[in-house]
Each structure stands twice: as C-alpha cells, then as structure tokens.
Amino acid sequence: MKRVLILLLIPLFLAAKTDVYTHTDVGKVALTVTNFGMFGNGLRLVDPSTGEPLPSMEYPIGSRTEHLYRAGLWIGGISYEGETLVTTGVSDAPPSNNPGTEGFEFFPTEEYGDTVIEKSTLLTSSYYDPDAVSEQDFYATYYDYLKEVPHHTPLHLEVKQTTYCWSYSYTDDFVIVNFVVTNKGDGDITDLYFGIYAELATGNRDFWGDDFASTPYYQHKRLYFLDSLAMIYEKNDGFDTLAPYLAGVKFLGLEGVPAGSLSANFHWWTWKDMVGSVDDKVRYGLMSDTMRYPDVDDYYVATHGYPDPISLLSVGPVSRLHPGDSLSFTFAFVCGEDFDNLMVNASWAQKAYEMGYILPSPPPSPNLYVVPGSREVTLYFDDIPLDAVDPSTHCRDFEGFRIYRTENPVPSDSDWILLAQYDLTAADTLPGDTCYLDHSIGFNTGLPEKEDTGAYAGYFKFVDRGVRNGFTYYYAVTSYDVGDPSQGLESLESAKRLNMISVIPGTPPTSEDTVEIGVYPNPYRLRSLWDTGGERGRVIRFYNLPKRCRIYIFNLAGDLVKTIEHEDPYSGEESWNLITDRDQPIATGLYITVVKDLETGKVKKTKFAVIK
C-alpha cells in the first residue's frame, strides 16, 4: 500500500526565520530537532547546498537507515474553565510541517534570535560553553498561544526544550530530551498528561530509495512496549534486509515525582485516524487511558491484519499546575544494533538521567590539522586533551592518543586503520593532577614529538608516508583515558568523527623554473582511478603548480575550453572533471595546458590527451 501524500515528494526548505530545523551529529543518532515541538522531519528535508536528504532519525549515523517519520510533544489537561484541551506538536498526515498550523500547535516567537541554540562541553568545539551539559546541547523555547491555530484552544503553555547527546562509547546511541513546561495562563491546569507521539518506521534509503512515501516502506513496522522500562520500540519485520537496527522512545522521569506515582501508557492507532480536527476530548482520552494496547508483532499482524500503527507514550496524571509553576520531564530517543544492545543503551540513558548527566567521559579529541605532501600527509594536533578533567572523578585522566586513517567518507568502526598509538608512561604525571593515576596501561611509548618551527610550532606531529597522490584520505586523532573501575568502565576513547578531516596528498606548490608542471593520468582513457562516477565524476589532476596560479586549457584549434583558479599554500595539485566553461564534456583529443604563476608572472605549458 502506498501513501498518497504529494507534499512528501517535494523537498522542503526553511521558509521562516523562526521555523528552525537542525540535527544531532555528535553520537551515532542523527535526530532532527526543531524549535516547535517536532522531532524528525517527515523524511522530506534536503540539504539546499547538496540536494541530499537530511536525516530524520538516522542510526547509525551515515548508514542511511532511518527510524522515524515524525514525533512530537503532546500535552493535555483540564483548563480552569473546565475545558478538556490538548496541544499537539505533530499529528497524522498534516498539509505541512509548519509550526502554528493545524496539528502543529506550538510556535516560537518571531524574534530573530528565537532559534535552536547549540552549546557544547567540548573544549575544542566552536560551540563550547561552560554551562553546557553534554557534548551537543540544543536549546529551544516555544508556546501554544502566540498564534491562532485552526481548531485549537491553547492551554497557555511555555515549553523550554533541551536535547543532550554524547559521543562516548556507552552513551552515543541515544538522545535525551528535557521539557520544562510552565503554565502561563490565569488559572490552574488539572489532571495533566504529557507524552510523545511517534511514527517509528525503520528502513534503509538504499533499499527503498529516498522517496519513502511512494513505496511500501510504512507497511513493515513492528511495534512493542516494554512496560517495566516505560519504553516503546520499533523494528522492521525483516523485509528490508539493510535495516536490522531498532529504535524507540523511553520515558526517563518527572522531576520531583517518584516514578511509581505516574502511569506510563502505551497507545497506538492506524495512520490518519488522528488527521485533521480531531476533538481534544478524543486525544485526551487516549492520553489518559491506562489500558495497555497490544504489541503490533508478527502474531498480531497475522491474526488482525496490518494496522500501520502510530504510537503515543503518555505519562500522568499530574493533579494540578498552578499559574507560573513548571513541570520538568524527560524522554529519550534510544537506538540499538539489536534487542540486547537496545536494552543496554536504554539502561545507560536512564543512568545518565539519574546521575544528573555527570558522566565518566574521555578527554576531548585534539584540534587536528593536516598538510598534504607528495605521497605523504603530515598531521598536527594540539595538547588540549591533556588538561581535560573528567567531570565524574574530577581527575585529569588523559592517557594517550590514537591516530587513524580511512578512505571511506562515511566510515564504520571497521573501516578505520590504526596508524599509531602514543601513551603516557608509568613515570609520567600531568600538571595539576592530584589523583596520582596509574599510567602504566598501554604501550608506555610516551607522547609523539612536537613541531618546533613554523605555523604549527608546539603541536604534536605525525607523518603518514606511502599514501597515493590524488586520492582522498580521512584522518582522525582520538584521546583516551585510564578508565574508571568504580563505574565498571574500561578506558574511554573520544569519537573519531569529532575531528575527522579529509586531505588529498600531492606535490607541494612550487615556482621553480626547473620543475615542470604535469597531468595525470595522461592520457586519460575512458576513466581513471580517481573518478567518482558519472559524467561529472571524471578526474584528471595537474601537479607541480605554484601556490597561486591560473590554469588555461586549450584545444588544438586554440579555443579556450576551461579556466581554473588555483590558490593553496600547501598543495601544488588541482583537479578537473573534464567539463568545459560552457558546461559541456570535452571531446576526445589533444589539449594544451598553460599555467600562469600569479605571483611571478611566469608561464609554463604542458599537453595531455583524452581518449573516450
């Protein structure tokens, strides 16, 4: 069965400055977060700069496996005038994703700065803030009464939403979301319930294609509720062989209220049963209904047919919320590689919440810079990780660095090659360390040498030799600590993605008269090792170029077919995709390259052939 929603086929771009989407990218979960109570993006957002789809809730990050169509905050209660009201952050099959429209009943202010604000505990992050809680915090504020919405009577709520995520190996499979809801009205709200609406749906883009709505993608959901964990989770029924992972939503707690005094309720309905102007009494009835709905497992589908379920995890009741008073409650979006892994990750999400997010953490990855050379790459990285203090133990527990390389732009852990490991010796101590930690783990190599001259003087230095010119390589330098036996944790290592950087090795820039410019491959025959696919993915490379130069390419008739500007203080190479300035592929033939050094004015020439 196909879902016929034409809007799902149209790339959605951000139209209003107050309508903000972003997504987490520190851990393994790439979750779209907004400033109007919605999570996920309906699998319809694209990156305007590339045209590529943006993640809704992709896990593992880079895998192209999505787990969420849309989710949103629901809050219901009885107003002081006796009305039964529910404010929804999302609903079934709406005509748009725009805040302040029917079903999307939260809205930020129209202030220019009312957006999603990012903060980070990472010392090396451009978003570093000493008040941050996690490695990637997103802060947003929105309301249910600033804009008149069709078929909506507001409860007069302000919502302050904060998401937290980490790259640590034991916390990188979930995103925690805290809501602080304040009654901005004139009277009490009673019998209040809050919850997360979620259409969880697992599928891989390489299996279904990017246009999920035109496929049976939504017809393979299996939905479960774990009563003891207050957690909904979903998995594919096995039809999509590229999507073995699981994802769910878990309630973590309501501040100041014992978990046993609240009811966590699991409900689901068939998609589009909640479309349009569904009466708030119906929605509130679902939120407050304590009847446990059945799991949508293989047995249910075999005996009842497939319902295409939409889930709601609601919690309550809170007896009364006075004007000006607030509730602080927290959920988590949790993912896992399999069921056992999902359970471990859900347990750590709960622990993180109960520990107030004061977690054992590895030192941050260092700031990393790469300089290409001919058949080598030089890495420079700083010593900031040595000063990091673990927030759990209050110790400077840095132990060492690991240096990795891969040729995969979206690598899994197995794609990385460990090039080198450096660690402190048993005799080493860190300045200001009062914990006197044991640094005898590892190889006790000592730290790498430091550069003593030039722009990177004082930085650690590592040279990777034997790489191939013209190919793209990706590097990462991680930091790891001595571990925390009191928490049952082995040595923790920072995530490779935190400073992953790309580089193309090649000849260094030169203006020497005796050094000739060149082209490779020469001749270019049909394709080259450097091609990336398609007509515009062809690649030839010019080498031994000056730092600043202009490259002119002529055919034998003397017609100028391409002009390329080159400016790079570290690389004397430049690539070309064999597309002319008139946006046409070049023909088979012999071509003349003229390179003008923009600093000396000198000119050099060479030739190359193209055979298609």
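This is a predicted model, so every value here is computed, not measured.
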Should the ring pair Tyr218 and Tyr69 be called parallel, tilted or perpendicular, given that the plane angle runs from 0 to 90° and is split at 30 and 60?
-> perpendicular
Mind checking side-chain contact (heavy atoms from CB on, under 4.5 Å) for Asp25 and listing every partner two or more places apart, or none if nothing turns up?
-> His23, Ile61, Gln136
Any side-chain heavy atom of Thr163 sitting closer than 4.5 Å to one from Ile176?
-> no
Determine, using ring centers only, whether Phe381 and Phe401 are less than 6.0 Å apart.
-> yes
With sequence neighbours excluded, what pairs up with Arg582 under the salt bridge (Lys or Arg N to Asp or Glu O under 4.0 Å) test?
-> none
For Leu68 and Leu43, which heavy atoms make the closest approach, and how far apart are they?
-> O-CD2, 3.9 Å
Determine whether the side chains of Asn522 and Tyr524 contain a donor N or O and an acceptor N or O closer than 3.5 Å.
-> no
Can you tell me how far CG of Leu419 sits from CZ of Phe462, rounded to the nearest 0.5 angstrom?
-> 5.0 Å
May I ask you to check whether Ser374 and Asn469 show a side-chain donor-acceptor distance below 3.5 Å?
-> yes
Residues 557-590 vs ring pair (Phe, Tyr, Trp, His ring centres under 6.0 Å), sequence neighbours excluded, gives none
Kindly assign one of parallel, tilted or perpendicular to the pair Phe239 and Phe207, based on the angle between their ring planes and the thresholds 30° and 60°.
-> perpendicular
Under the salt bridge (Lys or Arg N to Asp or Glu O under 4.0 Å) rule, collect the residues that match up with Arg541, sequence neighbours excluded.
-> Glu573
Residue pairs involving residues 593-612 (criterion ring pair (Phe, Tyr, Trp, His ring centres under 6.0 Å); sequence neighbours excluded) | Tyr591-Phe608
Under the 3.5 angstrom rule, does the side chain of Thr32 hit a backbone N or O of Pro55 as a donor-acceptor pair?
-> yes
Could you list the residues that satisfy salt bridge (Lys or Arg N to Asp or Glu O under 4.0 Å) with Arg468, not counting sequence neighbours?
-> Glu407
Mind listing the side-chain donor-acceptor pairs of residues 546-553 below 3.5 Å, one per line with the distance, residues two or more places apart or on another chain?
from: Arg550; atom 1: NE; to: Glu565; atom 2: OE1; distance (Å): 3.4
from: Arg550; atom 1: NE; to: Glu565; atom 2: OE2; distance (Å): 2.5
from: Arg550; atom 1: NH2; to: Glu565; atom 2: OE2; distance (Å): 3.4

Side-chain ion pair, Arg405 and Asp464, N-O less than 4.0 Å = yes
Would you check, one step at a time, whether the test salt bridge (charged side-chain N to carboxylate O under 4.0 Å, His left out) holds for Arg70 with Glu199?
-> CA-CA 6 Å; Arg70 251 188 321 233; Glu199 180 168 9; over 6 Å; no
Straight-line distance of Arg396 CZ to Asp390 CG, nearest 0.5 Å | 12.0 Å
Side-chain ion pair, Arg205 and Glu58, N-O less than 4.0 Å = no
Please determine, by modelled atom types, if Thr425 and Asn444 share a side-chain donor-acceptor pair under 3.5 angstrom.
-> no
State, with a plain yes or no, whether a side-chain heavy atom of Val29 is found less than 4.5 Å away from one of Phe333.
-> no
Among pairs that include at least one residue of residues 365-380, which meet salt bridge (Lys or Arg N to Asp or Glu O under 4.0 Å), considering only residues two or more places apart or in two chains?
-> Glu376-Arg465
How far apart are the C-alpha atoms of Glu66 and Tyr217, what are their side-chain angles, what is the distance that settles it, and do they pass the side-chain hydrogen bond (donor to acceptor under 3.5 Å, both in side chains) test?
-> CA-CA 11 Å; Glu66 294 285 1; Tyr217 160 69; over 6 Å; no
With sequence neighbours excluded, what pairs up with Asp129 under the salt bridge (Lys or Arg N to Asp or Glu O under 4.0 Å) test?
-> none
So, Asp240 versus Asn204: side-chain donor-acceptor pair below 3.5 Å or not?
-> no
Classify the side-chain pair Thr606/Glu516 by whether it contains a donor and acceptor separated by less than 3.5 Å.
-> no
Does a side-chain heavy-atom distance below 4.5 Å link Pro366 with Ser479?
-> yes
Would you say the side-chain atoms of His439 and Glu399 include a donor-acceptor pair closer than 3.5 Å?
-> yes
Looking at residues at least two apart in the chain, or sitting in another chain, which of them share a ring pair (Phe, Tyr, Trp, His ring centres under 6.0 Å) with Tyr404?
-> none
What side-chain donor-acceptor pairs closer than 3.5 Å can you find for residues 593-601, not counting sequence neighbours?
from: Asp597; atom 1: OD1; to: Glu599; atom 2: N; distance (Å): 2.9
from: Asp597; atom 1: OD1; to: Thr600; atom 2: N; distance (Å): 3.3
from: Asp597; atom 1: OD2; to: Ser511; atom 2: OG; distance (Å): 2.7
from: Asp597; atom 1: OD2; to: Thr600; atom 2: OG1; distance (Å): 3.4
from: Thr600; atom 1: OG1; to: Lys602; atom 2: N; distance (Å): 3.2

Please determine, by modelled atom types, if Ser49 and Asp47 share a side-chain donor-acceptor pair under 3.5 angstrom.
-> yes
Show your working on ring pair (Phe, Tyr, Trp, His ring centres under 6.0 Å) between Trp530 and Tyr520 and close with a plain yes or no.
-> CA-CA 10 Å; Trp530 297 267; Tyr520 64 91; 5.1 Å; yes
Rounded distance [0.5 Å steps], CG in Asp481 versus CZ in Phe398 | 10.0 Å
Does any non-hydrogen side-chain atom of Lys450 lie less than 4.5 Å from one of Asp383?
-> yes
Please find out if less than 6.0 Å separates the ring center of Tyr380 from that of Tyr459.
-> no
Could you walk me through whether Phe443 and Asp423 pass the side chain to side chain contact (heavy atoms under 4.5 Å, CB included) check?
-> CA-CA 7 Å; Phe443 300 105; Asp423 65 315; 4.0 Å; yes
Start with the C-alpha distance between Thr202 and Glu234, add both sets of side-chain angles, then the distance that settles side-chain hydrogen bond (donor to acceptor under 3.5 Å, both in side chains), and finish with yes or no.
-> CA-CA 7 Å; Thr202 295; Glu234 183 270 345; 2.7 Å; yes
Test ring pair (Phe, Tyr, Trp, His ring centres under 6.0 Å) applied to Tyr164 - qualifying residues, sequence neighbours left out = Tyr357
Is it the case that Asn236 and His220 place a side-chain donor and acceptor less than 3.5 Å from each other?
-> no
Validation row: Lys607, Phe554 side chains within 4.5 angstrom (heavy atoms) = no
Assert yes or no for the condition that the ring centre distance of Phe174 to Trp348 is strictly below 6.0 Å.
-> no
Is there a donor-acceptor contact under 3.5 Å linking the side chains of Asp173 and Tyr59?
-> yes
Would one find more than 12 heavy atoms of other residues, nucleotides or ligands at under 6.0 Å from atom CZ of Phe471?
-> yes
